[in-house]
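In what follows, chains are A, B, ... by sequence order, proteins preceding strands, each numbered from 1. Just so we're clear, the structure is a prediction, and the values are computed from it rather than from any experiment. Values below: all heavy atoms of this structure, side chains included; hydrogens, waters and symmetry mates excluded.
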Amino acid sequence: MELLIDLVLLAMLALTALRVIFLKDLFAVVMLFSIYSFLSALIFVSLDAVDVAFTEAAVGAGISTVLMLGTLALTGRTEKKNPHSKVLPLLVVLVTGAALIYGTLDMPPFGHPDNPIHEHVAPRYIEESPKEVGLPNMVTSVLASYRGFDTLGETVVVFSAAIGVLTLLRVRRREADQNPESGLRAHLVLQVVAKIIIPMIILFALYVQFHGDFGPGGGFQAGVIAAAAFILYALVFGLPSAFKVVEPKFLRFMAALGVLLYASVGVYSMAMGGNFLDYNYLAENPLHGQHYGIIIIELGVGITVFAVMLSIFYAFGSQAERANIQ
Amino acid sequence: MSFISDYYNYWIVVFLMMTGFYIVISANNLVKKVVGLNIFQTSVFMLYISMGKVSGGTAPIVVEGATQYSNPLPHVLILTAIVVGVATTAVALSLIVRIKDEYGTVEENEFENKDDAI
């Protein structure tokens, strides 16, 4: 049964990707890409990667789609006819694909428990992490404790992406204020529904944030989900109202604060006599220290990801509003 | 049948990778190129997650009665890669918006012609 689901979902994924090649309507391309992300999230669930599925559904199908639609609003929705020949790209792709298929034949069979990947560090994480870190979710243990340094690096990458986007597209507050008609103010039903579901989305984000140690979830997913609640608010009530709720300046402060919170846990554990990000030194009992450390750094990740995603949306949104005024 | 089910996941990954690759090198519109790049990226994620799967295993969250868990390490790497992926996509898209501002087009051949004219 599991095999059948896998076969069907992967085939659907391949068909969705194939269709993107032939479509000239970019709005349809972006929608297909959103479906593609949802399908891959389903496949991740069937491959036991529940945390990854969660992230893909929130990020790939949610935020990416919103950003791409924002870009289309500014750049136009149809692709023009391509003057170049398609023969050479097709040839390159076929040759590369054939080589890769030939390469897969040397790979260990899918799903076999004795595959090399399961023999090196994985048994240690699976057997020792519940005792050493004390969390049922091994993905959180590895992410926030064993490989906490990597995760700090990734949080910094997300932060620098925000700096990049905000340098390229500035949030123009004054001009947005001149356009009170933005958003979907004419749709009463949408406003009522949005007001009902926005608190629930935020509640869910908080649950994902603080329950990530026990079930699927954590700072990355919670940050994206919380940002989605405010993006919904901005879409329905307009950017000027959203700016009044969460100011762009405040978001820039929050994005930096999250990274600072994460790094300061590392510095604090050094001050207590341990290595950078060694949570065992945060409390008398190493197990408690691990718990405090993971809660704080997940909070830092959540705050940064939330602030970065929302400021990127603000940047795209205020560009689009400016284009509408002109 | 077992030969197919042993490699099916990897073959689909190669197919998706090549689809994304084809879109990146053949599309003329920059937004479509970014979609192609994202398809390519997701196919790499799929490759890593497929390798971490253990048949008969369960998600790597400790529960009573579970004897075998899938490998948590690829999950961690890919989870953060997805968030970094959307961040870089956002930078790419904002560059596209700036290109549209400066050149008035996001079709590759058109703004290259304008560059040559200068």
Side-chain angles (χ1 to χ4, degrees), chain A residues 3 10 14 17-18 20-21 26 29 33 40 44 47-52 55-56 59 63-64 67 71-72 74-75 79-80 82-83 86 89 93 97 100-101 104 107 109-111 113 117-118 122 125-126 130 136-139 142-143 147 151 154 157-158 161 164-165 168-169 220 305 312 319, chain B residues 5-12 14-16 18-19 21-23 25-26 28-29 31-32 35 38-39 42 46 49-55 57-62 68-73 75-76 78-80 82-84 86-91 93-98 100 106-107 109:
Chain A
L3 180 71
L10 279 166
L18 197 62
V20 170
I21 296 179
L26 291 171
V29 166
F33 177 66
S40 28
F44 290 145
L47 294 176
D48 298 338
V50 280
D51 283 271
V52 182
T55 320
E56 179 67 35
V59 170
I63 304 278
S64 287
L67 293 181
T71 314
L72 287 189
L74 291 160
T75 60
E79 186 189 20
K80 292 192 187 137
N82 189 350
K86 309 236 174 209
V93 163
L100 287 175
I101 294 274
T104 58
M107 284 185 73
F110 170 72
I117 183 173
H118 305 304
Y125 290 147
I126 290 171
N137 188 349
M138 297 164 204
V139 175
V142 179
L143 178 107
R147 305 192 73 86
T151 311
E154 269 130 14
V157 170
V158 171
V165 172
L168 289 165
L169 315 171
F220 284 105
V305 169
I312 291 175
Q319 283 280 323
Chain B
S5 65
D6 278 351
Y7 296 105
Y8 179 75
N9 274 49
Y10 304 134
W11 291 339
I12 291 282
V14 171
F15 179 83
L16 294 175
M18 289 306 111
T19 310
F21 185 33
Y22 178 78
I23 296 171
I25 58 178
S26 78
N28 201 26
N29 184 296
V31 179
K32 203 167 175 182
V35 172
N38 272 298
I39 288 176
T42 312
M46 202 74 71
I49 300 292
S50 294
M51 289 197 290
K53 166 80 179 165
V54 174
S55 299
T58 175
I61 297 173
V62 177
Q68 227 168 9
Y69 298 104
S70 287
N71 194 336
L73 191 59
H75 299 183
V76 176
I78 298 312
L79 194 166
T80 43
I82 291 175
V83 181
V84 170
V86 74
T88 50
T89 302
V91 177
L93 290 174
S94 52
L95 276 171
I96 293 174
V97 170
R98 294 288 295 126
K100 171 78 177 180
V106 291
E107 305 286 327
N109 61 326

Side chain, backbone, both or neither: which part of B/Tyr8 has a heavy atom under 4.5 Å from chain A? side chain
Checking A/Pro113 against chain B: side chain, backbone, both or neither under 4.5 Å from a heavy atom? both
Applying a strict 4.5 Å limit to non-hydrogen atoms, the region of A/Leu143 in contact with chain B is both
Using a cut-off of under 4.5 Å on heavy-atom pairs, state which of B/Ile96, B/Val31, B/Ile12 scores highest against chain A. B/Ile12
Contact part of B/Thr58 toward chain A, heavy-atom cut-off under 4.5 Å: side chain, backbone, both or neither? backbone
Among A/Ile101, A/Ile63, A/Asp51, which residue has the highest count of heavy-atom pairs closer than 4.5 Å to chain B? A/Ile101
Is B/Ile23 in contact with chain A via its backbone, its side chain, both, or neither, using a 4.5 Å heavy-atom distance? side chain
What part of A/Leu67 gets closer than 4.5 Å to chain B, counting heavy atoms only: side chain, backbone, both or neither? both
Chain A contact via B/Lys53 - which portion, at a heavy-atom distance below 4.5 Å: both
Counting only heavy atoms closer than 4.5 Å, note whether B/Tyr69 contacts chain A via side chain, backbone, both or neither. both
Heavy-atom pairs under 4.5 Å with chain B are the metric here; pick the option from A/Leu72, A/Ile126, A/Val50 that has the most. A/Ile126
Proximal component of B/Leu93, with respect to chain A [non-hydrogen, under 4.5 Å]: both
Interchain contact, A/Leu18 with chain B, by part (heavy-atom threshold 4.5 Å): both
Select, from B/Ser55, B/Ser70, B/Pro60, B/Pro72, the one with the greatest count of heavy-atom pairs under 4.5 Å involving chain A. B/Pro60
Most contact-rich option vs chain B, by heavy-atom pairs under 4.5 angstrom, among A/Arg147, A/Glu79, A/Lys86, is A/Glu79
Report the residues that fulfil side chain to side chain contact (heavy atoms under 4.5 Å, CB included) with A/Ala122, sequence neighbours left out, ordered by chain and then residue number. B/Asn71
For the interface with chain B, which of A/Val29, A/Ile21, A/Val142, A/Thr151 has the highest count of heavy-atom pairs at distances below 4.5 Å? A/Ile21
What part of B/Ile39 gets closer than 4.5 Å to chain A, counting heavy atoms only: side chain, backbone, both or neither? both
The interface call for B/Val91 against chain A, heavy-atom contacts under 4.5 Å, is both
